[in-house]
Amino acid sequence: KFTFSWQYVGFGVPGQLREISARIFQTEREKAAQMMSEAASEIQQVLRATLAEMVEHLRGRLSDDPDGKPRRLRETTVTKLRDFLDSTDFRNVLDDRELKEQVEKARQLLSGVTTDALRNTADLRGKLKQGMGEIAIRLDGMIVEGPRRKFRFEDD
């Protein structure tokens, strides 16, 4: 069995509604504004959380195992973070200045750093781990945990 459904989404309030009822028009306008505000906030939080996750992953890879040996660091860990940092200007449609600041700090830390150098230079690993730790702390303060979805049940 297969079903298919769709929904037309408009990001505004139809002008004809104003002619029917000014009160309903205003109510719908406020709902639309709230929906857009919530969507913008969710976009901002997703970008911040994604960066925080990637920074924390790299930071974890730069730590040593309990036996004192460096953890295995894969090229993709650094590459994925760099790719995200490079695409953040495009993704940051809300011009989140706090996010941009942390992205710039991460870019500076990774500037000129190779994965091989991170694998073989303990001082570089320590410096990058400390810098990523500072970014992670800042990002943790920027991420607001809240409900992901809201369900509204209107009375009939």
Side-chain angles (χ1 to χ4, degrees), residues 3-13 26-154:
T3 61
F4 183 81
S5 62
W6 68 92
Q7 178 181 7
Y8 294 104
V9 179
F11 292 101
V13 180
Q26 187 60 33
T27 302
E28 291 303 311
R29 185 175 176 184
E30 289 169 5
K31 281 184 192 177
Q34 182 179 357
M35 184 178 74
M36 284 187 235
S37 175
E38 289 171 2
S41 178
E42 192 169 332
I43 290 168
Q44 180 184 54
Q45 291 303 307
V46 166
L47 284 173
R48 289 176 175 188
T50 302
L51 179 59
E53 183 180 309
M54 295 178 98
V55 164
E56 195 56 44
H57 180 70
L58 177 58
R59 189 170 164 234
R61 296 282 90 199
L62 295 173
S63 299
D64 293 337
D65 283 330
D67 63 0
K69 289 175 48 179
R71 289 192 176 157
R72 187 172 190 178
L73 178 64
R74 297 183 189 271
E75 181 76 33
T76 57
T77 302
V78 178
T79 303
K80 285 180 182 179
L81 179 57
R82 277 198 173 116
D83 289 346
F84 182 84
L85 295 174
D86 291 342
S87 67
T88 302
D89 290 337
F90 173 74
R91 295 178 191 200
N92 190 8
V93 295
L94 300 171
D95 196 28
D96 183 350
R97 299 209 185 276
E98 291 176 299
L99 175 68
K100 192 172 187 173
E101 181 181 316
Q102 298 313 307
V103 165
E104 287 304 317
K105 287 180 184 178
R107 280 182 183 152
Q108 288 174 358
L109 283 170
L110 289 173
S111 178
V113 174
T114 65
T115 307
D116 286 335
L118 285 172
R119 288 183 188 129
N120 300 318
T121 311
D123 288 343
L124 181 59
R125 286 173 73 94
K127 178 184 171 189
L128 192 61
K129 180 183 171 191
Q130 180 183 356
M132 290 295 167
E134 292 169 6
I135 292 171
I137 290 170
R138 182 77 173 123
L139 287 168
D140 283 344
M142 292 167 45
I143 297 172
V144 177
E145 292 295 327
R148 295 278 184 192
R149 299 278 181 243
K150 290 185 179 181
F151 294 97
R152 294 187 184 118
F153 299 99
E154 297 188 23

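Atom CE of Met132 is separated from atom NE2 of His57 by 12.0 Å, given to the nearest 0.5 angstrom. To the nearest 0.5 Å, the span separating CZ on Arg119 from OG1 on Thr114 amounts to 8.5 Å. If you take CG on Leu139 and CD on Glu56, they are separated by 10.0 Å, rounding to the nearest 0.5 Å. Note: Asp96 CG to Gln44 CD = 4.0 Å, rounded to the nearest 0.5 Å.
For residues 74-85, every residue pair satisfying the side-chain hydrogen bond (donor to acceptor under 3.5 Å, both in side chains) rule, not counting sequence neighbours, is listed here: Glu75-Thr115.
Proximity of a side-chain donor or acceptor of Asn120 to a complementary backbone N or O of Asp116 within less than 3.5 Å is detected. Here the side chain of Thr50 pairs a donor or acceptor atom with the backbone of Val46 at under 3.5 angstrom.
A 4.5 Å side-chain heavy-atom check between Arg97 and Asp95 finds at least one atom pair inside the cut-off. Here the side chains of Ile135 and Leu109 are in contact, with some heavy-atom distance below 4.5 Å.
Under a 4.0 Å N-O distance rule, the pair Arg59/Asp140 does not qualify as a salt bridge.
Residues Glu104 and Gln108 have side chains that never bring a donor and an acceptor to within less than 3.5 angstrom of each other. Between the side chains of Glu30 and Gln34, no donor N or O sits under 3.5 Å from an acceptor N or O.
Considering every non-hydrogen atom in both Gln45 and Ile143, the closest pair reads OE1-CA, 3.3 Å.
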Side chains of residues 122-130: which donor-acceptor pairs under 3.5 Å do they make with residues two or more places apart or in other chains?
residue, atom, partner, partner atom, Å
Arg125, NH1, Leu118, O, 3.2
Arg125, NH2, Arg61, O, 3.2
Lys129, NZ, Ser63, OG, 3.4

Please determine whether side-chain contact (heavy atoms from CB on, under 4.5 Å) holds for the pair Thr88 and Leu99, giving the CA-CA distance in whole Å, both sets of side-chain angles, and the decisive distance to 0.1 Å.
CA-CA 9 Å; Thr88 302; Leu99 175 68; 4.1 Å; yes

Hey, mind stepping through Gln102 and Arg48 against side-chain contact (heavy atoms from CB on, under 4.5 Å) and telling me if it holds?
CA-CA 9 Å; Gln102 298 313 307; Arg48 289 176 175 188; over 6 Å; no

Go through it in stages, so that I can follow the logic: the residues are Leu85 and Leu51, the test is side-chain contact (heavy atoms from CB on, under 4.5 Å), and I'd like the CA-CA distance, side-chain angles, deciding distance and then a yes or no.
CA-CA 8 Å; Leu85 295 174; Leu51 179 59; 3.9 Å; yes

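Residues satisfying the side-chain hydrogen bond (donor to acceptor under 3.5 Å, both in side chains) test with Asp67, not counting sequence neighbours, are none.
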